[in-house]
> 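First, the structure itself, so that you have it in front of you.
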Amino acid sequence: MSVIPTRRTVLRGGAVAAAVPLAGGISAGSAFASSSASASPSPHESGNVYGHTAAALGPNVLVFDPSMGDAAIQAKVDAVFALQESNQFGNERFALAFRPGTYNVDINVGFYTHVLGLGAAPGDVVINGHVTVDAQWFEGNGTQNFWRAAENLTIVPPDGLNRWAVAQACPLRRVHIKGNATLWPSPPGNRWSSGGYLADSVVDGYVESGSQQQWLSRNDTIGSWTGANWNMVFVGVQGAPAQSFPTPPHTTIDRTPVVREKPFLTVDRHGSYQVFVPALRRNSTGTTWASGPAAGRTIALSRFFVARPGDSAAEINRALERGQHLLFTPGIYNLSSTIRVTRPGTVVLGLGYTTLRSTHGNTLIEVADVSGVTVAGVLVEAASAHTPVLLRVGEGRSRRRHDADPTALFDVFARIGGAIAGGAGVSVQIDSNDVFCDHLWLWRADHGLDDTVGWAVNPADTGILVNGDHVTTYGLFVEHYQKYEVLWNGDHGRTYFYQNEHPYDVPTQSAWVHGSTKGYAAYKVADRVREHHAWGLGSYCFFNLNADIYTDRAYEVPDTPGVVFTDLMTVCLNGAGGGGIVHCINDAGDPVQNGFGTYNMKAYSNGESVV
């Protein structure tokens, strides 16, 4: 296997693609009006914008109908991609929404672009074409293909192959690919991709992982799977490869213990919009929809406060107190106070990579210790020197159980640095019990615009702090934090897939120590915990300041029979430089250091390892 590079390039200047006109009389300026930090709020009528029609969704949700004609639709889609293809740290946000019907178009998906079908099932919106992520903008390297998504579509690639060459924060959900899928850039060769997520989807043919470094598939049905590099995890997937870690590194769990799928926007034949909330499932395999209509509930858009950039947290909170749900239209929301979700069953749903920025050290979203809340499709970001917590669920340790109706986080992403300088203590804190998290990428930026990245420029301690019991994560990506990147204090926790990179920019060893311990573990289970299970974990190091930096271990856990780690590995990417990871878990496992190296361990529990 060739040495696989990680994201080493620091982008400078941060130029944003020039504005171009969008077909159909929509200019870039008008389409982006709601993304501007200085945009004025749109008028709200009784807490809703324009009732419950497409006008409620704002100018950055482009709603397509087959009657518009394929050529006109293609022109608009291409114009959005021209703006967003290399716009990694820009302010523009888009959702491309397709009403039920058949479309003969190709959709290239750029940064901060969310492609969604508006039908009740994936078969209601058929794209006779590709829905593609490639890496031509970055010299063929897909390791920076972040922040883009597609959901609730049927994709019929004319050549039989759909390409989704992505890195973090790029979910494919609820799609039916009538053909094969490939997860690495074109043309094949020394072209890498770095992390991805597929859920509630069907791929009729094969899935080829190629250069993809790590991947989670959950509750899918696939014809077959080919390829592996470091860490491929399958949970509740029909057609998954057999358990074989580490040769090849496939981790297969037959059933998903508890999950419900992410809510999604739909439109009926009268043009009225709703949000569908799928039902909870236990011990499940395969999709919610392939055998018939999905179980769940429908909420009319008229019951949502439809927010636009410029709306304040106070205005949003008044709507939530009235009993409304919350839909964010695409854009950047500069918030100086906290959005508070206190009512059980509330749905908070973002379109088009909604970005919430903490401007005054304030928590962005706080969810009370109640049941059945959904927070989905938001990017939370530090925009002040220190924000103690960006997003929090619960209000301290509690004995209250929510197992009958868990609160859930879907596609929740955090960013410290990269686009704007800022610092944070904890990105996501889970205090409530029985919460599950479905696809998180929590990122202290390792590259970005000028003056937004550096050891003291974008400081951040911990990606996720779990204090609650019976918390489950599916698809946990946490990178570059300066202390414990995951700190798990609650009991009976579960993690299905973990991907991590230690901080690249450690200036000296003395700047990164914990008592007499060098560095910090990437995943720490507290000493008091008696029961915790994790499957399919990868932790990597690349120290890019040419310092001789070590961390003593990647994973740190109590040696007790109830704490079991299965299929874990470490990677050193330091090239010819010094430094590395001394042990895989606790004091077990060989080092990876002083150049490229990998180490695999099949299991660890109670001080015993299996290699």
Side-chain angles (χ1 to χ4, degrees), residues 30-52 55-61 91-93 95 112 275 301-343 346-368 370 373-393 395 409 412-416 419-424 427-429:
S30 64
F32 294 163
S34 66
S35 293
S36 171
S38 60
S40 300
S42 299
H44 290 68
E45 300 173 2
S46 301
N48 294 280
V49 183
Y50 310 120
H52 54 279
L57 303 177
N60 281 24
V61 179
N91 291 335
E92 293 75 27
R93 305 286 186 270
Y112 311 110
V275 170
L301 192 61
S302 58
R303 293 178 56 195
F304 281 75
F305 180 89
V306 182
R308 299 193 188 185
D311 290 339
S312 67
E315 188 174 7
I316 292 169
N317 285 336
R318 285 193 292 271
L320 292 170
E321 290 167 3
R322 289 193 298 265
Q324 290 181 280
H325 303 274
L326 175 59
L327 182 86
F328 288 107
T329 60
I332 293 176
Y333 295 72
N334 290 320
L335 300 175
S336 58
S337 58
T338 302
I339 295 171
R340 302 184 188 278
V341 181
T342 61
R343 184 172 56 87
T346 300
V347 174
V348 177
L349 178 62
L351 302 178
Y353 283 84
T354 292
T355 302
L356 310 179
R357 286 181 172 169
S358 170
T359 62
H360 286 68
N362 51 290
T363 300
L364 288 161
I365 299 177
E366 287 187 356
V367 179
V370 297
V373 172
T374 293
V375 179
V378 295
L379 169 60
V380 294
E381 187 167 29
S384 49
H386 181 71
T387 301
V389 179
L390 289 173
L391 186 152
R392 183 175 180 179
V393 180
E395 304 160 310
L409 307 181
V412 170
F413 312 126
R415 183 168 66 190
I416 298 93
I420 187 169
S427 289
V428 174
Q429 180 170 328

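FYI, side chains are in, hydrogens and waters are out, and symmetry mates aren't considered; it's all heavy atoms of this structure.
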> Suppose we screen for side-chain contact (heavy atoms from CB on, under 4.5 Å). Which residues come up paired with Ala314, at least two apart in sequence or across chains?
Ser312, Arg318
> Is a side-chain N or O of Asp311 found less than 3.5 angstrom from the main chain of Ile316, in a donor-acceptor match?
no
> Of all residues at least two apart in sequence or in a different chain, which pass the side-chain contact (heavy atoms from CB on, under 4.5 Å) check with Val370?
Pro344, Ala368, Val373
> I need the minimum non-hydrogen distance between Ile420 and Ala383, along with the two atoms involved.
CD1-CB, 4.0 Å
> Validate the cation-pi geometry between Arg93 and Tyr112: distance from NZ or CZ to the six-membered ring centre under 6.0 Å, angle to the ring axis within 45°.
yes
> Say you draw a straight line from OG1 of Thr363 to CG of Leu356; how long is it, rounded to the nearest 0.5 Å?
12.0 Å
> Which pair of non-hydrogen atoms, one from Ile339 and one from Ala313, has the smallest distance, and what is that distance?
CG1-CB, 4.1 Å
> Filter on salt bridge (charged side-chain N to carboxylate O under 4.0 Å, His left out), then keep only pairs touching residues 349-368, sequence neighbours left out; what's left?
Arg340-Glu366, Arg357-Glu381
> Once side-chain hydrogen bond (donor to acceptor under 3.5 Å, both in side chains) is applied, do any residues pair with Thr338, and if so which ones, sequence neighbours excluded?
none
> Report the residue from Val306, Leu327, Val378 that forms a side chain to side chain contact (heavy atoms under 4.5 Å, CB included) with Leu351.
Leu327
> Indicate the atoms forming the closest heavy-atom contact of Leu57 with Val61, along with that distance.
O-CG2, 3.2 Å
> If the condition is side-chain hydrogen bond (donor to acceptor under 3.5 Å, both in side chains), which residues does Thr387 pass it with, not counting sequence neighbours?
Ser358, Ser384
> What residues form a side-chain contact (heavy atoms from CB on, under 4.5 Å) with Ser336, not counting sequence neighbours?
Thr359, His360
> Can you check whether Leu320 reaches Val341 side chain to side chain, under 4.5 Å on heavy atoms?
yes
> Please report the shortest heavy-atom distance between Gly423 and Ala382, naming the atom on each side.
O-CB, 3.5 Å
> Spell out, as yes or no, whether a donor-acceptor pair under 3.5 Å connects the side chain of Tyr333 to the backbone of Phe328.
no
> Between Arg308 and Pro59, which heavy-atom pair has the shortest distance, and what is it?
NH1-CD, 4.0 Å
> Do you know the tightest heavy-atom contact between Arg392 and Glu395?
NH2-C, 3.8 Å
